[in-house]
Amino acid sequence: MNGHAVETAEHLASAGIKGQEQKAVTSPSMHDLDASKLTVTLTQNLRPVPELNSKEVWGVKACTDHMVSVTWTSDYGWHAPKIVPYGPLEIMPTASCLHYATQCFEGMKVYRGFDGKLRLFRPDRNCARLVSSASRVALPTFNPLELEKLLQALMKLDGPILLFIIAVPWPDLSTGWNPANAPKKPGLRLLASKNDTRAWPGGFGYAKVGANYGPAFVAQMEGRKKGYDQILWLFGPDFQVTEAGASNFFVVWRTPEGKLQLITAPLEGKIILDGITRRSVLDLANERFISTSSYLSSDIKSLEIVERTYTMGELVLAQNEGRLIEAFVSGTAYFITPVSAISFKDEDLEIPMAKGETGVYAGVLKQWLLDIKYGKVEHEWGVVVDEE
């Protein structure tokens with residue numbers, strides 16, 4: 001999504017106040033998003049489908065043949081959505097998104113299952129979060145259920161493989177394997193931030209807006225030059241652990257009292273993105289890592305699931321005392337990827353990976369989610385796209 005022209009910062013602030021007050025389209029004369037009015041214009045030039053794990057897929061520049069486009073105007077509201085051939089967007093130089101960052105986005109994946117069916121993974125969560133992000137930067141909101149219908153319509157047309165919606169063949173970043181690069185050891189190497197801050201209390205770290213990501217690229221590129229994959233973002237003088245790159249961050253450790261915990265930063269304060277994969281990890285963990293669960297084994301023990309503020313000092317102490325079990329990130333891009341090391345104050349903390357290429361809990365959570373996404377097990381989170 002991106003904004004229309006805004007002449008002044010004062011105008012933008014005024015629009016923002018109104019946007020926060022109006023969580024949905026309330027005026028009878030304004031039109032809400034309506035998927036039933038969708039029109040389809042098919043392309044006359046079909047694109048070649050990239051081969052699995054090809055350079056085209058890893059380059060993340062190839063797109064499918066069509067995209068969804070919807071226009072909003074202040075005198076009408078949401079116009080009829082259109083599926084049109086993929087192509088450039090037409091945008092005026094005065095568009096507010098180019099000057100004031102009034103834009104937001106979402107990212108999700110569609111999976112071709114073991115049964116041949118296409119599945120979206122918890123699309124209701126992504127659609128609801130896009131509404132929240134739009135409201136945060138004074139963009140018009142909409143009915144998230146209608147957006148989900150548009151997603152399914154596009155996947156029905158271009159399935160094999162903001163507001164405009166595009167579909168891109170995406171590589172599996174969780175494997176760490178890229179045919180264009182030399183093989184690397186498993187696990188992400190994180191560089192703890194020093195002077196840069198990604199998000200702050202009361203800000204917009206919880207929203208999928210471009211201003212959350214662009215400023216972080218400088219630190220990320222510096223980290224890459226030093227041999228690290230992502231930045232572990234810390235906050236405050238006590239070095240609170242927040243996120244890793246654009247992913248949520250999890251730790252499994254034993255407390256000094258011997259209690260086994262899965263811990264991640266809380267959503268309070270609006271610093272942390274409520275990631276769909278993060279929420280899914282917590283939901284599964286609360287269901288399957290309890291003491292009475294049938295999923296427990298000699299390797300998989302019951303865990304206490306904790307969402308609280310914690311610091312790098314606690315993480316370092318746990319590692320020094322042998323209480324650190326594993327760490328991993330979660331997100332749409334990296335899915336579930338183990339962490340092998342964290343550089344903090346110019347010293348590397350080695351993170352255990354009990355299974356060699358992953359930790360025990362990261363490995364089992366990843367497999368549970370894969371089974372749902374690819375339809376190996378029936379689950380309400382896997383929304384089947386009707387392709388007939």
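The basis for the numbers below is simple: all heavy atoms, side chains too, and nothing from hydrogens, waters or symmetry mates. Computed from a predicted model, the values in this text were never measured in an experiment.
With respect to Asp115 and Lys376, no salt bridge is recorded, no charged nitrogen being found less than 4.0 Å from a carboxylate O. Ion pairing between a basic and an acidic side chain is recognised when a charged N comes within 4.0 Å of a carboxylate O; Asp299 and Lys355 show such pairing. Salt bridge annotation for Glu321-Arg323: present, with a cationic side-chain nitrogen under 4.0 angstrom from a carboxylate oxygen. Glu304 and Lys259 are joined by a salt bridge, as a carboxylate oxygen and a charged side-chain nitrogen come within less than 4.0 angstrom of each other.
Taking each heavy atom of Leu120 and Met108 in turn, the nearest pair found is CD2-CE, 4.0 Å. Nearest heavy-atom pair across Ile272 and Arg278 is CG2-NE, 4.2 Å. For Ile336 against Ser330, the heavy-atom pair with the smallest separation is CD1-CB, 3.8 Å.
For Gln367, the side-chain hydrogen bond (donor to acceptor under 3.5 Å, both in side chains) partners are Asp371, not counting sequence neighbours. In terms of the side-chain hydrogen bond (donor to acceptor under 3.5 Å, both in side chains) criterion, Asn320 has no residue partners (sequence neighbours excluded). Remark: Lys373 pairs with Tyr111, Phe121, Phe335 by the side chain to side chain contact (heavy atoms under 4.5 Å, CB included) rule, at least two apart or across chains. Considering only residues two or more places apart in sequence or on other chains, Phe114 meets the ring-ring contact (aromatic ring centres under 6.0 Å, His included) condition with none of them. Taking Ser280 as the reference, Arg122 meet the side-chain hydrogen bond (donor to acceptor under 3.5 Å, both in side chains) condition, with sequence neighbours excluded. Qualifying salt bridge (charged side-chain N to carboxylate O under 4.0 Å, His left out) partners for Glu350, counting only residues two or more places apart in sequence or in other chains: none. Partners of Tyr228 according to the ring-ring contact (aromatic ring centres under 6.0 Å, His included) rule, which considers only residues two or more places apart in sequence or in another chain, do not exist here. In terms of the side chain to side chain contact (heavy atoms under 4.5 Å, CB included) criterion, residue partners of Asn143 (sequence neighbours excluded) are, by chain and number, Asp32, Leu145, Glu146. Qualifying side-chain hydrogen bond (donor to acceptor under 3.5 Å, both in side chains) partners for Glu268, counting only residues two or more places apart in sequence or in other chains: none.
Of the possible donor and acceptor atoms, none in the side chain of Glu326 sits under 3.5 Å from a partner among the backbone N and O of Ile351. Between the side chain of Glu314 and the backbone N or O of Thr311 there is at least one donor-acceptor pair closer than 3.5 Å. At distances below 3.5 Å, not a single donor-acceptor pair connects side-chain atoms of Asn212 with backbone N or O atoms of Lys208. A donor-acceptor pair under 3.5 Å links the side-chain atoms of Trp78 to the main chain of Thr141, judged by distance alone. Side chain of Thr102 to backbone of Cys97: a donor-acceptor contact under 3.5 angstrom is found. In this structure, the side chain of His79 does not engage the main chain of Val70 through any donor-acceptor pair within 3.5 Å. Listed for the Thr332 side chain is a donor-acceptor partner under 3.5 Å among the backbone atoms of Gly107. With Asp65 contributing its side chain and Thr43 its backbone, the two residues share no donor-acceptor pair below 3.5 Å. When atom types are taken as modelled, the side chain of Ser193 and the backbone of Leu234 share a donor-acceptor pair closer than 3.5 angstrom. Side-chain atoms of Asn248 come within 3.5 Å of backbone N or O of Leu273 as a donor-acceptor pair.
Listed by first and then second residue, the salt bridge (Lys or Arg N to Asp or Glu O under 4.0 Å) pairs involving residues 231-247 are Arg198-Glu243 (not counting sequence neighbours). Screening residues 341-367 for ring pair (Phe, Tyr, Trp, His ring centres under 6.0 Å) gives Phe239-Phe344, Phe289-Tyr361 as the qualifying pairs, with residues at least two apart or on separate chains. Screening residues 260-283 for ring pair (Phe, Tyr, Trp, His ring centres under 6.0 Å), with sequence neighbours left out, gives no hits.
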Original post:
Could you go step by step and tell me if Val377 and Trp368 meet the side-chain contact (heavy atoms from CB on, under 4.5 Å) rule?
Top reply: CA-CA 9 Å; Val377 298; Trp368 287 343; over 6 Å; no
Original post:
Run the side-chain contact (heavy atoms from CB on, under 4.5 Å) check on Ser302 and Leu260 step by step: do they pass?
Top reply: CA-CA 7 Å; Ser302 61; Leu260 197 59; over 6 Å; no
Subject >> Stepwise side-chain contact (heavy atoms from CB on, under 4.5 Å) check, Trp233 with Thr242 >> reply: CA-CA 6 Å; Trp233 294 104; Thr242 63; 3.3 Å; yes
**OP:** Before giving the answer on side-chain contact (heavy atoms from CB on, under 4.5 Å), spell out for Leu262 and Val306 the whole-Å C-alpha distance, their side-chain angles and the decisive distance to 0.1 Å.
**Re:** CA-CA 6 Å; Leu262 174 67; Val306 179; over 6 Å; no
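Between Phe105 and Leu130 the shortest side-chain heavy-atom distance does not fall below 4.5 Å. The shortest side-chain heavy-atom distance between Gln230 and Tyr334 falls under the 4.5 Å cut-off.
Annotation: the span from Asp274 atom CG to Leu267 atom CG amounts to 4.5 Å, rounded to 0.5 Å. Rounded to the nearest 0.5 Å, atoms CG (Leu118) and CE (Met155) are 8.0 Å apart. Separation of atoms CG (Asn45) and CZ (Arg47) is listed at 9.5 Å; rounding is to 0.5 Å. To the nearest 0.5 Å, atoms CG (Leu139) and OG (Ser133) are separated by 9.5 Å. Note: Lys301 NZ to Ile325 CD1 = 11.5 Å, rounded to the nearest 0.5 Å.
Annotation for Tyr76: atom OH counts as buried by contact number, over 12 foreign heavy atoms lying within 6.0 Å. Residue-environment remark: CG (Asn195) stays at or below the threshold of 12 foreign heavy atoms within 6.0 Å.
A chain of hydrophobic side-chain contacts below 4.5 Å, direct or via other Ile, Leu, Val, Met, Phe, Trp or Tyr residues, connects Leu232 to Leu349.
Evaluated for a salt bridge (charged side-chain N to carboxylate O under 4.0 Å, His left out) with Glu387, the options Arg112, Arg119, Lys117, Lys156 yield exactly one hit, Arg112.
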